[in-house]
Amino acid sequence: MSLCEPDVAAPDTLRVEKARWRSGLVVLEATLVFALLILWLSSESVRASKHLGVLFFYSFPSEFLVGLIPHEPALIFFGTFHPAWVVALVAGVGTVLAEGMNYRLFSHFYGTGALRAASGHKAVRRMVELFRRGPFATILFAGFTPVPFFPVRFIVVMAEYPLSRYLVGVFLSRTPRFYLLALLGGFVDIPTTALGLLFLVMLLAVNVPTIYRVLVKDG
């Protein structure tokens, strides 16, 4: 190649390497979340721990995509032993980091054919259009109220909403919600067995419909 000819291969190589690093990071993040989930479910000592570090790492599987495990019982439990504002702050910071992972993960796979096709459906386009009319208010409403939050995780990516604004909205809405749940644990003496039952009911309510669709309807 002549010295005068532009090196067009270099930018392509850099893009490929960047894509590989991004893919590796996504895989690493997903692996971390599932490792934390397995650790929490398999270790009785971890589940019974009152250490705030456990709550922080619990935020990752509990806020991962559709929410693998419910966060409400954990926040009530930790609110029994720690000031509500501390519990809310720890869970809020963990949730912001988890939502950053969600945004990056969905953004990475959003370019695939299946997801692009799904985003073209009329109902999905309508949801994105409604979101764009008041994106920040929608994030605040969905983050604070008991309505399912996980659709927002996907809509922000499809609407190309900035990550920084999304994370600010997450912190401003989820942290007060976490505070109220922790405050409930501090004021009401809820037995651990009742919290365990609540956890189980919420876990089944979230995951059974998904498993049914995958194994029965799609199978």
Side-chain angles (χ1 to χ4, degrees), residues 18-19 21-37 40 52-72 74-76 78-79 82-112 115-116 118-119 124 127-183 206:
K18 186 177 180 180
W21 275 103
R22 190 162 54 241
S23 299
L25 182 61
V26 166
V27 171
L28 180 63
E29 290 173 345
T31 302
L32 172 63
V33 169
F34 283 102
L36 291 172
L37 174 62
W40 193 87
L52 289 170
V54 174
L55 175 62
F56 174 79
F57 286 107
Y58 182 89
S59 300
F60 291 89
S62 68
E63 305 296 341
F64 187 69
L65 296 182
V66 297
L68 300 175
I69 48 179
H71 63 260
E72 289 86 352
L75 290 163
I76 296 172
F78 279 93
H82 301 280
W85 70 270
V86 175
V87 173
L89 184 61
V90 171
V93 172
T95 295
V96 166
L97 294 176
E99 293 297 350
M101 292 172 56
N102 287 331
Y103 190 100
R104 183 162 49 241
L105 183 68
F106 189 63
S107 297
H108 180 73
F109 290 105
Y110 182 53
T112 61
L115 290 179
R116 281 291 182 183
S119 65
V124 177
M127 290 176 63
V128 173
E129 290 172 3
L130 290 173
F131 173 80
R132 284 175 172 158
R133 294 181 183 179
F136 198 73
T138 301
I139 295 170
L140 293 179
F141 176 80
F144 181 75
T145 61
V147 301
F149 185 75
F150 71 87
V152 177
R153 294 176 178 136
F154 304 106
I155 293 175
V156 291
V157 175
M158 290 186 284
E160 299 180 347
Y161 192 71
L163 174 61
S164 58
R165 296 181 190 176
Y166 171 58
L167 295 183
V168 170
V170 166
F171 185 80
L172 292 179
S173 60
R174 303 297 270 174
T175 304
R177 172 179 167 80
F178 296 160
Y179 175 79
L180 294 178
L181 288 168
L183 203 62
V206 170

Distance-only check: which donor-acceptor pairs under 3.5 Å involve side-chain atoms of residues 173-183, not counting sequence neighbours?
from	atom 1	to	atom 2	distance (Å)
S173	OG	G169	O	2.7
S173	OG	V170	O	3.3
R174	NH1	G143	O	3.1
R174	NH2	E63	OE1	3.2
T175	OG1	F171	O	2.8
R177	NH2	E72	OE2	2.7

Any side-chain heavy-atom pair from F136 and V168 closer than 4.5 angstrom?
-> yes

Anything under 30° is parallel, anything over 60° is perpendicular, the rest tilted; go ahead and classify F78 against H82.
-> parallel

In this structure, which one of T95, L97, V96 forms a side chain to side chain contact (heavy atoms under 4.5 Å, CB included) with E99?
-> T95

Pairwise side-chain contact, Y166 with V157, heavy-atom cut-off 4.5 Å (strictly under) | no

Please list, chain by chain and in numerical order, all residues satisfying ring pair (Phe, Tyr, Trp, His ring centres under 6.0 Å) with F141, sequence neighbours excluded.
-> none

Could you list the residues that satisfy side-chain contact (heavy atoms from CB on, under 4.5 Å) with F131, not counting sequence neighbours?
-> P135, T138, I139, I155, V156, A159, Y161

Heavy atoms, side chains only, cut-off 4.5 Å: are F64 and F60 in contact?
-> no

